[in-house]
Structure formats: structure tokens, C-alpha cells
Protein chains: 2
Amino acid sequence: MEDGRQILSKLKGKGHRITKARSAIIDLLLQDRKPLTAPAICALLSSRGLALNRATVYRELIFLRANDIVRQVKFAGKATHYEINSGHHHHLVCMKCNSVKDVVLGKHLEHHERQIYEKEKFKVVSHSLEFYGLCRNCYRGSAT
Amino acid sequence: MEDGRQILSKLKGKGHRITKARSAIIDLLLQDRKPLTAPAICALLSSRGLALNRATVYRELIFLRANDIVRQVKFAGKATHYEINSGHHHHLVCMKCNSVKDVVLGKHLEHHERQIYEKEKFKVVSHSLEFYGLCRNCYRGSAT
DNA sequence: GTAATTGCAAAGGTTTTGCAAAATA
DNA sequence: TATTTTGCAAAACCTTTGCAATTAC
């Protein structure tokens, strides 16, 4: 699930409509490839000439989440972030400049998830892992 | 940093005052040992006869965070949770009953953190890891 | 034409802020 | 007494909801 057209045809296949708002939000999330908040999505689209109502954006995000196109990420800030739901990964969040970079780790956590079930009888469905620290630029800046 | 008195004397040592609100919030977080939201803290304290203003609770949580007594946890819900900042651990969040249980994993993540610095030059300071799934009770309930 | 989607306005919930009053040391 | 802390009220945000108008199919 990488290309915008693929996503749209998947939705169409399920009987959903292709609207301007829908494809614009998907395109934006595919383009930037970084988690965005709903207010940020409104602002970005607006600056590109497509002024969507907040309610529309929120409803669309709920819709895309229900269809497994998008997933939520909770960072330190107050608003919830959303990103395209492709390839399992984690995040490197810079505490200084707030940039977010994806990182892919091995399968080590699956081992923990088995362990958790054996020890606690808690059945893990998913997990979220965020690393907070200083990105390449900010770390170099503060060290020098 | 386990006992309420220890925390209070640490604060006192740094020149901070011991107030009713401050010690009540610390006691509550130490007692329940599970992450609470600010509104929940207000409600719980209020039901125990200590009605604090919301603003006071929020300001106190900022203060306790600045002093490393408390840390934020972001879960799926809308409000931010807070917990006593003791012993590094992670969370098992039940998607059905919303219960939260602490879990302590090994040092495996430190290995990843080193790797992240070597590969990305991103200097990790902390991380947050939450597992979502079904707790012992809810899993048994749905399986039967 | 029918049903899904949108905009608007209003409301709900969380969190922050200014300022005067109260409490701590 | 000198600061810090608190309460109150108001506001700032983020997010959701109802309803009528619009749009996609």
C-alpha cells in the first residue's frame, strides 16, 4: 500500500467514494511521509488552495483509520498525529526541533510479546514505540 | 524514590514548598500506581474530600514533571496520563477494559538505542513503549 | 435519484493564563 | 514578610455532533 491510486482503488473496491477531500488528505500524508496533526493537515491543504472544514478533516481521518489506511500516533504535543499505515516502524522524535523520523527495528519485540503472554497472560495485539532525543543536527549543534 | 516522604523532602531540599495539593497529588499517584489523567486526579481527590481547582492540578503536574517526580504517558484516549517517575517500565493497555498494567522488560532496547545512534546519529534520551491488547480477564472472556 | 460526504455552527472536553487572595516558609 | 501557591474566571485549543446543502456514483 504505497501509491495513492492503489489506496483509492482499494477504497473504491469496498464501495466508498473518491472525493476531493479524501484524495487530498491521502496525497498529503503520502507526500510528507511524516505524522501530521489534524490542524496541520487543515493548514497545509489550505495553503495549497484546498480549504477543508475541520470537521471534514476529522471525519475523514476517522474514516481512513476505520479502513486501515491511516493510523494514530501519540507524541508529546497536545494534538494527535496521523500517518499512512504502511510497514511497521517506530519514531525518532527530536526534543529540540520536533522533527520526526521513521526507524525500522528488527523483530525483537515479538519475542517480548510472546514473553508477555506467557508471564502475564496479556494478549498483545499491537504496540507503539517512540524514541525521544536529539536528531543529528540538534545533537551536533548542542555538542559543539 | 518510592516513598512520599522521600519525594517531599527531596523537593524541600531544593527549596520548594510542601503544600496540601502537592502532597495529595503525590500520595494519590503513589497509591494507585497507575497512570491517571488530570481530570481523574481532580475527581479522585474531590471524592476524598479535597477539592482542588483544575488549574492547580495542571500547574502542579507541570511542576512535578519539571522536578522529575512525575512523567507523562500518552495513551489512545484523549487526555494525557501522569505517573510517578520510578523504575523504568512499559505498559500493557487493555483495549477492552482500558486497564493499565506495568511491565518490566530487559535491557534489549538499550541495544537498539546504540544502534540508532550509530546508524542515524540520533541521540536517544528516553523512549516510551506501550503494548495494546487484551488483559487476562478480557482475553479469557472473549475466547470462551 | 440515492446515499455518502461536506460545511457550518455549536458544543464538549482538556489545558493554559492573568490576576487577586491565601498559604508556606 | 516575602514568595510561592491557589482559586476563579476566562480563554485557547482540539475534537465531536446535528442538520441542511452538496456531491459522487
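So you know, we letter chains A, B, ... as the sequences are listed, proteins then strands, and number each from 1. Remember, it's a predicted structure, so these values are computed and weren't measured experimentally.
A cation-pi arrangement, defined by a distance under 6.0 Å to the six-membered ring centre and an angle within 45 degrees of its axis, is absent between B:Lys119 and B:Tyr117.
As a whole-Å value, the separation of B:Glu60 CD from C:dT15 P is 16 Å. Atom-to-atom, CD1 of B:Ile62 to C1' of D:dT5 comes out at 13 Å; the value is rounded to the nearest Å. Between B:Leu36 atom CG and C:dT14 atom P there is a gap of 14 Å when expressed in whole angstrom units. As a whole-Å value, the separation of A:Asn53 CG from D:dT17 P is 15 Å. The CZ-C1' distance, from A:Phe63 to D:dA24, rounds to 13 Å in whole Å. The NZ atom of B:Lys74 sits 10 Å away from the C1' atom of C:dT14 (whole-angstrom rounding). Residue A:Gln72 contributes atom CD, which lies 15 Å from atom P of D:dC14 at whole-angstrom precision. Distance CG (A:Leu61) to P (D:dT15): 9 Å, rounded to an integer number of Å.
Residue B:Tyr58 places no side-chain N or O under 4.0 Å from the OP1 or OP2 atom of C:dT16.
For residues 13-23 of chain A, proximity to DNA chain D is found at A:Arg17, A:Ile18, defined as any non-hydrogen atom under 4.0 angstrom from a strand atom.
Here C:dT14 is the nucleotide among D:dC8, D:dT5, C:dT14 with the atom lying nearest to any side-chain atom of B:Arg54. Side chain of A:Pro39, nearest nucleotide from C:dT14, C:dG7, D:dT15: D:dT15.
Between B:Lys78 and B:Ala51, the one whose closest nucleotide on DNA chain D sits nearer the 5' end is B:Ala51. Taking the nucleotide of DNA chain C with the nearest heavy atom to each of B:Ala55 and A:Thr56, the more 5' of the two is matched to A:Thr56. Nearest-nucleotide positions on DNA chain D for A:Lys12 and B:Leu52 put B:Leu52 closer to the 5' end.
Contact annotation: side chain of A:Arg59 to base of C:dG7, donor-acceptor pair present below 3.5 Å.
Backbone-only contact: B:Thr80 has heavy atoms under 4.0 Å from sugar-phosphate atoms and none from a base.
When side chains are defined from C-beta on, A:Phe75 counts as touching A:Val100, because their heavy atoms get closer than 4.5 Å.
Between the A:Asn67 side chain and the A:Ile69 main chain, no donor and acceptor come within less than 3.5 Å of each other.
Here A:Lys34 does not pair with A:Glu83 in a salt bridge; the nearest charged N to carboxylate O distance is not below 4.0 Å.
Side-chain contact annotation: A:Thr80 with A:Lys74, donor-acceptor N/O pair under 3.5 Å present.
A ring-centre distance under 6.0 Å is not found for B:His127 and A:His91. Residues B:Phe63 and B:His16 place their aromatic rings such that the two centres sit under 6.0 Å apart.
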